[in-house]
Amino acid sequence: MSADIESVEAFTERARDWLATNLPSWDDELLDDVVLQNRIFDGGFGGLAFPPEYGGAGLTLAHHKAFYETADELDRQLPGKYWVSIGMVAPMLLERASEEIKQEFLPQILRGDIVVIQLLSEPRGGSDLAGVMTRLTRDGDQYILDGAKMWSTNAYLADYGVCLARSDWDVPKHPGLSMIIVPLDRNDDVTVRRTRMADGQMGDVCEEFFDGVALPATNLIGAEGDGWSVAQTLMAHERNQTAGVGFGYLGSGNTTVMVVDRSALAASLAATARARDVLDDHSQQLADVFVDSIVTKLTSARIMRGQMLGTHEGPWGSAGKLLGSEAGHRAALASLATTGADAVVWDGDEISVENAGTAWLLARSSTIGGGTSEIQRNIISERLLSLPREPSFDRELPYSEVVRNASKF
Amino acid sequence: MSADIESVEAFTERARDWLATNLPSWDDELLDDVVLQNRIFDGGFGGLAFPPEYGGAGLTLAHHKAFYETADELDRQLPGKYWVSIGMVAPMLLERASEEIKQEFLPQILRGDIVVIQLLSEPRGGSDLAGVMTRLTRDGDQYILDGAKMWSTNAYLADYGVCLARSDWDVPKHPGLSMIIVPLDRNDDVTVRRTRMADGQMGDVCEEFFDGVALPATNLIGAEGDGWSVAQTLMAHERNQTAGVGFGYLGSGNTTVMVVDRSALAASLAATARARDVLDDHSQQLADVFVDSIVTKLTSARIMRGQMLGTHEGPWGSAGKLLGSEAGHRAALASLATTGADAVVWDGDEISVENAGTAWLLARSSTIGGGTSEIQRNIISERLLSLPREPSFDRELPYSEVVRNASKF
Amino acid sequence: MQLELTEEQEALRDTVRKFIETEVPLTTVRDLHGEPDGFSKDWWREAANLGWTSPFVPESHGGGTLSGRATSDAVIIAEEMGRLVAPGPFLPVNVVAAAIARFGTESQAEAVLPGLAAGEAFASWAFAEPGDRWSPDAFETTISVSGDKVNVAGEKAYVEAAGVADHLLVTGRGEAGLTQVLIPARTPGLTIVPGRSIDMTRRYGRVVLDGVELPATALVGAAGAAQPAVEYLLRLALTLQCAEMVGVAERTLQTTIEYGRDRFAFGRPIVSFQALKHRVADMALWVEGAKAVGEELVRAVDADADDAGMLSSVAKVHIGRRCLDIVDDCVQITGGVGVTWEHDIHMYNRRAAVDRAMFGSPEAHRRLLLTHIERQTPRGAVR
Amino acid sequence: MQLELTEEQEALRDTVRKFIETEVPLTTVRDLHGEPDGFSKDWWREAANLGWTSPFVPESHGGGTLSGRATSDAVIIAEEMGRLVAPGPFLPVNVVAAAIARFGTESQAEAVLPGLAAGEAFASWAFAEPGDRWSPDAFETTISVSGDKVNVAGEKAYVEAAGVADHLLVTGRGEAGLTQVLIPARTPGLTIVPGRSIDMTRRYGRVVLDGVELPATALVGAAGAAQPAVEYLLRLALTLQCAEMVGVAERTLQTTIEYGRDRFAFGRPIVSFQALKHRVADMALWVEGAKAVGEELVRAVDADADDAGMLSSVAKVHIGRRCLDIVDDCVQITGGVGVTWEHDIHMYNRRAAVDRAMFGSPEAHRRLLLTHIERQTPRGAVR
């Protein structure tokens, strides 16, 4: 970056004026996400830290952060559907994709005209992200994609996905992977299905099926076999997003918050229990909901301070995720227990989701999604506490052999 | 066994008469264990299921069981210090030892004139019983024993121990083990120390140090390399002992009971809490002490019924051990919590052990001793539920290499 | 759950299992989610033919036991229902049948039991009151006898299958104490507010009683003398519910173990990871404990033993807690698909959560047990 | 525990750590088990010279803070004491020093503080009453003022280091409300019943007050006006105690992890087993949470913030519970030697159990928090 770019202070003033004039507040009528993002881009505030040749403003992440902070400060509407596309995929493409891809995709992504999401997890995959079974087969100057992906956030509203697939079964797990761009709007050989969750409602996550999808070889991101490395770039941006730093910070409603203040929940459960004269049966558990909430909030704040001070580097993000999601689960159980029969039964013929019982059905979402609690505990014990790694059965052998061995374990 | 032995019914009547006349009741003055066992043996009731050539009565385990049941029914005093020696070591010797050893040791053991205990666990050993590091080195027609043993119950009052030691470091773990008889009353090269427990009191368990102890090769039980197999015979008798069946059943005070009725404890804690007006803070936890106690008792009874019916064969004993010991630990914590400051502070200058705080210091004894809860969970998951075994790092290689590898794990 | 079954009971278990697997498999349970009653009356008639409604009805009225122990027979069915989260008003129909057979008049028995036994009629117990009140001490519904008339006023909640019930057994307070009355569903002054639950097939209703007048012959047992009957019925309901939860827990754990054998991560089946193995071991013991306390409760209820009440609370505490714990941890082990509609485990989670709440939560039963605990002799002095 | 220390505070931490490691290592702690006071007065004078008794004493009386935040300084020492379960009446001396410095008269300060600061004199807070009573609402000790005399009667329990105390700060009820008075140990009518605890070095006493008469100048603050002082001192005591437990928990976990790296079973170090690794990961997070809530409490106490009382209970619930949980699971991980006298972990278990109980158990503090919770605005309506 040249030294003569606009100062962050000056930029912030300019952004403040523009935001006040051009974006409605959250109290105004809500605008469509595309309209909002188009307006931001056309106003010169899209892709602030991206180079101009890809549609960006050529500024820095400090300008980016200032823009979204100012928008939140002014309570301006911001789009909600681009946190994967602009917050995670775009910076990955900037780092890893070919010049052609960057020129074709980045301007459209940054303007909000297309949405690109990530296609990583698989239906039978579980915690082992690199254990991908989707096949990518070279065929002349194109690749053929076969398989299924799951838990792809926002795929139902996306135009493309970046898909992690296995391009070589005769080498070990990680080097056998490649990342490729797949259009999601093809009716014949690509199916995108929104996932219905345990509560009966549609989730933001989707399942996709690829049935012999032919893709030009130029759709590869990085070289064949670079897939795992590209995926790690994506995941680094995902962690930033969760932590609200870097490209991933897109203002209100665009961070996945695990740390929730549950003092009001504790209060409402205590009020219910007191009204029913059963507070004594639930008092210890309800106090723990409150204590959990305070301790989790303070721990998360401490970790963030420690990240800035340099005392909490590395995988401390896993700690915040584990604490917050497990506390949420305990709170859901406390709600179910305290509300008793009214947690699970209601008047009327209609299916309702506004009760502690239905919430309970999803109480494990946060302890599973974004890496299970078990994976977080592995990370904390191995990478934070340096305990010995789990014995490896999948790092050295050709992956086809790993799969064969696993079924005979 | 010939078919013309005395019927169990007739035997029981004879035993009843003898017991009523020859053994005092528990309300009478207490006799020394040796006097009691001598009297039982000399009366013809020692080693009931052992062959006459080894000092036994040549009867069956049914007679054995009838004798001890009748003694308990009549509330007769029974010795307490022989449960390892007579209940576990003697039947192992009968099955596995040489003719010479059987002739020399069994009559003395059965009469109670000598006590032989087992020397299996080691100070650095932990849960891996076969990972024994005590060395047994062949030297002409004798062996030299070097090393240390720990957790040897009753070693402080024993004359001999049967000791599991590593006689070959160049073969894998299990075939490198041998079992040998060691005299414990040698002052120069054998040290026996009673173990002081966390509460400051002396335990029934001991630590032994062997410093170049020369033993005749004829002291081996089984052949060199048979040690693990002999140890398994011992452990089978230990399980019987815990379950109160087979040779190990020696009447009152001679079984290691893990399943304890804690309803009276729950009642006394509830009374304390009510008197202090804090019952509401402890009510859920105290009710769980009671529930745990009932459920554990019923589960244990169900498993025993199932063993007789054939529905609960195999390692179900681990289930009872795990349930009972973990319930005991939770009860100790509930006692500590409910009794508050009075659990940990008392009047006077003297050290007291009669408080919930001191009991807490030993609350883990039962979840560690006799196989940790972790080992029980391994057994239950692998042998009862047939889940895959833990990956093995110590079964194939020479043990010297296993030890080297472990330190680099 | 019961280690020792008679040959007839084993046959019953096999028949019930097969019938559920064939007639109301999990795909059918999904379909029934959309149906107003949550079950098909034709199917219920078949179930009744197989003996689902027989145990508590005397032979003279179309029922009968296999083993001479009605509860022992009934829990076999309840447990199998739990295994496949089967639909149908099994608990309410059998509890009311037991109430009428044991505490009702002969003419009530004649009027009600043959229909219930045949699966032609339905009944439910209108017991709890709004605000999660399951303790009769807290009931406000009044049942007043004056001359040969009985007046009933109040509100009953969480009444299973209220929408299809022909008869409602209502528990309330009379001048002389706890009183029960059997009310035909279409009695003036009785309104049923239909309700749903998070369970796929189980429907509940609120019963509003406003100016209900009945002949004195509607009384089940003498006015003011219903305490023993209510205690018995509550124990029976808890016994059936706990047996169902045993089926739910055992099946969920089995299914999850199988699932985990078949899912691979890092080159090995996920159930081979020790952290999961240890949790699975604990869960297997909770199931065994649930069976042990469950079968002891069955014995006590059939024998009207003194410890039946205590055991019903112990069972509810242990099983109500652990059944949900097991399903919950199995969701975690199952991973992402465990929180989707497509996977069956949410149907078990729903049933477990509903069973946990009905007839008093584990927390409420711990409170009940305290009374029992405080009657025990304390051990030693506490400083 | 505190992420941001000043340079002077870092130097204090290092000095304290070195001093404890050198002067009262664990072998010395074992020896002190047999000593009546549980610590050596000569050693305490050295500790005082290093600043252990300074933070709450004004410079004019021989004390002074390093950072201007007395509690922030003091918890550094408390945490290091926890790390090696060090002896010495650190908590009672500092709490009484804080009480006199903040709420006492200048002549009380002159009479008491220099001695405490120099480590020549000792003091303790006679606060709780027999029967595990830590709530002033339940106190029965009376402090009555008539003219220029004060009469004190009652009984105080769990008074740390009562046997060596020269001054006892006694909390009681007067006509006008909560009142505190400073009593010289050798006052007629004051009897100290010496006591022990399960801790290796910590001694406690019961203080019986029968016909104690003092001049009105013994009052600390006005009669009946001690409520704010008592609340402050209780928060301070909990803060020091929680800091100590953080030291206990962190050190125990570290030591156990190292131990587990060095012990082999089945050809691998025991800490390589996933079931242990997952428990260790949870414990490490509990420690981190303990530090987070501990340092926030320090901030609140030093600032007299509105949330200090609530935070002191939150800290006691989390740390009081998790510190003991950690030591307890570390005993399990350590295996057999963990329940022997020879291994050091029982000394940590002792301290953790004593700290858990003193100044109110986690259970009691949960109860206190409920009052706070019920003052929050509930979220949404609950049916």
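The sequence lines fix the lettering, A, B, ..., with proteins before strands; numbering per chain opens at 1.
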Inter-residue atom distance [X].[atom1] - [Y].[atom2], 0.5 Å rounding:
X	Y	atom1	atom2	result
R375(C)	S263(B)	CZ	OG	12.5 Å
E288(C)	W316(B)	CD	CH2	3.5 Å
R302(B)	M1(C)	CZ	CE	8.5 Å
T299(B)	K291(C)	OG1	NZ	11.0 Å
E374(B)	Q274(C)	CD	CD	8.0 Å
W286(C)	L323(B)	CH2	CG	11.0 Å

Can you tell me if [X] has over 12 outside heavy atoms packed within less than 6.0 Å of its [atom1]?
X	atom1	answer
D306(C)	CG	no
D277(B)	CG	no
E396(B)	CD	no

_Between D282(C) and L322(B), is the side chain to side chain contact (heavy atoms under 4.5 Å, CB included) condition met? List the steps._
CA-CA 9 Å; D282(C) 280 337; L322(B) 181 58; 4.0 Å; yes

Does any backbone or side-chain atom of [X] lie under 4.5 Å from a heavy atom of chain C? Answer side chain, backbone, both or neither.
X	result
L387(B)	both
N378(B)	both
S386(B)	both
R274(B)	side chain
L385(B)	both

Taking C-beta and beyond as the side chain, do [X] and [Y] meet within less than 4.5 Å on heavy atoms?
X	Y	result
I294(B)	H318(C)	no
S283(B)	R366(C)	no
L370(C)	F290(B)	no

*Which region of L369(C), side chain (C-beta onward) or backbone (N, CA, C, O), has a non-hydrogen atom less than 4.5 Å from a non-hydrogen atom of chain B, or is it both or neither?*
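Interface part for L369(C): side chain.
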
*Can you tell which part of R279(C) gets under 4.5 Å to a heavy atom of chain B, answering side chain, backbone, both or neither?*
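Nothing of R279(C), per the 4.5 Å heavy-atom cut-off to chain B.
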
*Closest approach of A267(B) and I373(C), non-hydrogen atoms and distance?*
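Shortest heavy-atom separation between A267(B) and I373(C) comes out as CB-O, 3.3 Å.
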
_For P269(C) against P388(B), the heavy-atom pair lying closest together_ =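 Closest pair (atom of P269(C), atom of P388(B), distance): CG-CG, 4.3 Å.
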
Please identify, among [options], the residue contributing the most non-hydrogen atom pairs under 4.5 Å to chain B.
options	value
R261(C), R321(C), H278(C)	H278(C)
M310(C), E374(C), H365(C), E296(C)	E374(C)
L285(C), L368(C), L311(C)	L285(C)

_R305(B)/E295(C) salt bridge by N-O under 4.0 Å criterion_ =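 Looking at R305(B) together with E295(C), the answer is yes, because their closest N to O distance falls below 4.0 Å.
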
*Which residues pass the salt bridge (Lys or Arg N to Asp or Glu O under 4.0 Å) test with E401(B), sequence neighbours left out?*
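Partners of E401(B) under the salt bridge (Lys or Arg N to Asp or Glu O under 4.0 Å) test: none.
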
*Between H312(B), E326(B), Q376(B), which shows the greatest number of heavy-atom pairs under 4.5 Å with chain C?*
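Highest number of heavy-atom pairs under 4.5 Å: H312(B).
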
_Under 3.5 Å: donor-acceptor pair, side chain of E363(C), backbone of Q284(B)_ =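 No: the side chain of E363(C) does not pair with the backbone of Q284(B).
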
